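All figures in this text were calculated on a predicted structure; none of them were measured in a lab. Index from 1, following the sequence.
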Amino acid sequence: RGVIELASGAGRIAGPLASELPETWQVTGVDISSPMIELARRRWPEKSSGGRSGSGTGAALCWLEADILDPAAMAPLYASADALILAANSLAHFTYPALRRRLYRMQSALLAPGGRGFCAVLTSDSFADSEAGLIEVGRSDPADAGDAWDVYEESRAAGHVQLVNWYFVSDSGEADFENRFELCRFSPGQLAQELEQAGFAVQSLPGGSGRFASRDGDFWEILVYTQR
């Protein structure tokens, strides 16, 4: 059985997940960024099934450097995802509706029959009332980010965020690389509407189990969706 994380970055979701799943599973993280894939491989080396340290269990894990919107690059993974993961901060890179429509078509191609997609979204848009201009500079929690730290500046206007990330390795304290990009934020309702329009059936997790709070106080909701 297969799990694919799209835009997996430095692997902070796919890497630990592979250690927790049974060895009959295959976890694949896909990202377009060479430095991100290198960080992921450094933190969670690729392995065949049964490779969890000290236990002899754990899913197979591999990292793929590819454009997740490129059909030729992604074709080997078609119809292989029993679970498809798209983190909210990854979805936010798809700032324009035309890009997201291509993303939804790709997710449809990747899902195996009966497979499910999972995406966590902020329950409120913290950027809605913000004025344009630089309003925050900070560093992520190293305990959360592992050895990939980021220092960021956010310039918010019209529902979009201009984000600058510098990724550090804690041993050296020097920037490995820098990214500059625009992000877009969604409410759960907005994303659910787009998924429905793309031909997915959006489900609710029972008993409010899809809602949770992060350590920094943000509230999130997990959307689960299947092909109709």
>> If you compare all heavy atoms of A201 against all heavy atoms of R228, which two are closest, and at what distance to 0.1 Å?
In response: N-CG, 4.0 Å
> With distance as the sole test, does S8 use its side chain to make a donor-acceptor pair with the main-chain N or O of G11 at under 3.5 Å?
Replying inline: no
> Going from CG on L6 to CG on L110, what distance comes out if it is rounded to the nearest 0.5 angstrom?
Replying inline: 6.0 Å
> Honestly curious: do L86 and L69 fall in one hydrophobic cluster under the side-chain, below-4.5 Å linking rule?
Replying inline: yes
>> For a 4.5 angstrom cut-off between non-hydrogen side-chain atoms, does V30 reach I37?
In response: no
>> Test side chain to side chain contact (heavy atoms under 4.5 Å, CB included) on R12 and R43; report intermediate values, then the result.
In response: CA-CA 9 Å; R12 68 178 67 176; R43 296 164 70 186; 4.3 Å; yes
> Heavy atoms, side chains only, cut-off 4.5 Å: are L103 and L91 in contact?
Replying inline: yes
>> If I take atom CG from residue D82 and atom CD1 from residue I4, how far apart are they, to the nearest 0.5 angstrom?
In response: 9.0 Å
> Taking all non-hydrogen atoms of both residues, which atom of A72 and which atom of D70 are closest, and how far apart?
Replying inline: N-OD1, 3.1 Å
> Mind checking whether W25 and V3 have side chains closer than 4.5 Å, heavy atoms only?
Replying inline: yes
>> Could you tell me if the side chain of L61 sits less than 4.5 Å from the side chain of W44, heavy atoms only?
In response: yes
> Which heavy-atom pair separates A112 from A79 by the least distance, and what is that distance?
Replying inline: CB-O, 3.4 Å
> CD of Q190 to CG of L195: how many Å apart, nearest 0.5 Å?
Replying inline: 12.0 Å
>> Is there a side-chain contact between P45 and R41 in this structure, where contact means two heavy atoms from C-beta onward sitting under 4.5 Å apart?
In response: no
> Is there a donor-acceptor pair under 3.5 Å between the side chain of D31 and the backbone N or O of G9?
Replying inline: yes
>> For Q107 and Y225, which I'm curious about, is there any donor-acceptor pair between the side chains at under 3.5 Å?
In response: yes
> How far apart are the closest heavy atoms of K47 and A18, and which atoms are they?
Replying inline: NZ-O, 4.0 Å
> Do the side chain of E46 and the main chain of W63 share a donor and acceptor less than 3.5 angstrom apart?
Replying inline: yes
> Of the non-hydrogen atoms in A59 and V27, which two are nearest, and what is the gap between them?
Replying inline: CB-CG2, 4.1 Å
> Where does the angle between the aromatic ring planes of Y104 and F200 fall among parallel (under 30°), tilted (30 to 60°) and perpendicular (over 60°)?
Replying inline: perpendicular
> Which heavy atom in A73 sits nearest to a heavy atom in L64, and how many Å separate them?
Replying inline: O-CD2, 4.5 Å
> When rounded to the nearest 0.5 angstrom, what distance separates CE in M74 from CD1 in I68?
Replying inline: 6.5 Å
> Is it true that a side-chain atom of S90 and a backbone atom of A7 form a donor plus acceptor pair closer than 3.5 Å?
Replying inline: yes
>> Is it the case that the side chain of R116 and the backbone of V224 share a donor-acceptor pair, with hydrogens and angles ignored and the cut-off at 3.5 Å?
In response: no
> Atom CD of Q203 and atom CD1 of I222: how far apart are they, to the nearest 0.5 Å?
Replying inline: 13.0 Å
> Taking side chain as C-beta onward, heavy atoms only, is C62 less than 4.5 Å from Q26?
Replying inline: yes
>> Is there a path of hydrophobic side-chain contacts, each under 4.5 Å between heavy atoms of I/L/V/M/F/W/Y residues, joining I32 to I85?
In response: no
>> Are the side chains of T24 and R1 in contact, using a 4.5 Å heavy-atom criterion?
In response: no
> Taking atom CD of E221 and atom SG of C119, what is their separation to the nearest 0.5 Å?
Replying inline: 11.0 Å
